[in-house]
Amino acid sequence: TSRYLDFYAESFQTQGMSREAFARHKQRVNQGKRFIRVRLDEVGIYGYPGERDVVVVDFVQHYESDSFRGTSRKHQYWRREPDGGWRIVFEERL
């Protein structure tokens, strides 16, 4: 879970949650899972108009674990951080 959360910027927001709240939620949800498999389809990456270091990513996510299975379309904004890494600053499920 901690490696997964490394892809999220400190300024990350989703569904009214800060990165800190999102991290607590993910740690709680993933705590007892024996496996998690994620597959992406229909991936699109688009430059954000007027912003050199921001991209918008749309995709269909197929998620499977020992306790949950689901498919959803997601929309993310990624920003290049000062360290050169790309991190997610906003995410929503459509």
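All of these numbers come straight from a predicted model, not from anything done at the bench.
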Exercise. In Å, rounded to the nearest 0.5 Å, how long is the span from CZ of F7 to CD1 of I88?
Worked result: 8.0 Å
Exercise. Among the clusters formed by ILVMFWY side chains lying less than 4.5 Å apart, do Y4 and F68 turn up in the same one?
Worked result: yes
Exercise. Any chance OH of Y63 has more than 12 other-residue heavy atoms, nucleotides or ligands included, within less than 6.0 Å?
Worked result: yes
Problem set entry | Over 12 foreign heavy atoms within 6.0 Å of OH, Y48 | no
Exercise. To the nearest 0.5 Å, how far apart are CD in E81 and CH2 in W86?
Worked result: 10.0 Å
For this session: Indicate whether the side chain of K26 and that of T1 have a donor and an acceptor atom separated by less than 3.5 Å.
Result: no
For this session: Check the hydrophobic clustering (I, L, V, M, F, W, Y; side-chain heavy atoms under 4.5 Å; chains of links allowed) and say if V38 and V43 are grouped together.
Result: yes
Exercise. Which atom names give the shortest non-hydrogen contact between S72 and R93, and what distance separates them?
Worked result: CB-CD, 3.3 Å
Exercise. Are R34 and S67 linked by a side-chain donor-acceptor pair shorter than 3.5 Å?
Worked result: no
For this session: Output the distance between atom CZ (F35) and atom OG (S65), rounded to the nearest 0.5 Å.
Result: 6.0 Å
Exercise. Can we say K74 and E92 salt-bridge, meaning some charged N sits less than 4.0 Å from an Asp/Glu carboxylate O?
Worked result: no
Problem set entry | Cation-aromatic face contact R24/F22, 6.0 Å, 45 degrees | no
Problem set entry | H75 side, atom NE2; T14 side, atom OG1 - distance, nearest 0.5 Å | 11.5 Å
Exercise. Under the criterion salt bridge (Lys or Arg N to Asp or Glu O under 4.0 Å), which of R80, R87, R79 is the partner of D83?
Worked result: R87
For this session: Supply the atom-to-atom distance E20 CD to L5 CG, rounded to the nearest 0.5 angstrom.
Result: 12.0 Å
For this session: For side-chain contact (heavy atoms from CB on, under 4.5 Å), just list the numbers for V60 and L40, CA-CA rounded to whole Å, side-chain angles, deciding distance to a tenth of an Å, and then say yes or no.
Result: CA-CA 6 Å; V60 174; L40 305 181; over 6 Å; no
Problem set entry | Side-chain heavy-atom pair N30, I36 within 4.5 angstrom cut-off | yes
Exercise. Does a donor on one side chain sit under 3.5 Å from an acceptor on the other, for E91 and Y77?
Worked result: no
For this session: With side-chain contact (heavy atoms from CB on, under 4.5 Å) as the test, would you mind laying out the steps for V54 and W78 before giving the verdict?
Result: CA-CA 6 Å; V54 176; W78 289 67; over 6 Å; no
Problem set entry | CA sep, side-chain torsions, deciding dist, call: Q13, Y8, side-chain contact (heavy atoms from CB on, under 4.5 Å) | CA-CA 9 Å; Q13 297 270 320; Y8 290 82; over 6 Å; no
Exercise. If we only count heavy atoms from C-beta on, is the E42 to R73 side-chain gap below 4.5 Å?
Worked result: yes
Exercise. Does V89 share a hydrophobic cluster with V56, counting links as ILVMFWY side-chain heavy atoms below 4.5 Å and allowing steps through other members?
Worked result: yes
For this session: Calculate, to the nearest 0.5 Å, the distance between atoms CD and CG belonging to Q61 and D41 respectively.
Result: 11.0 Å
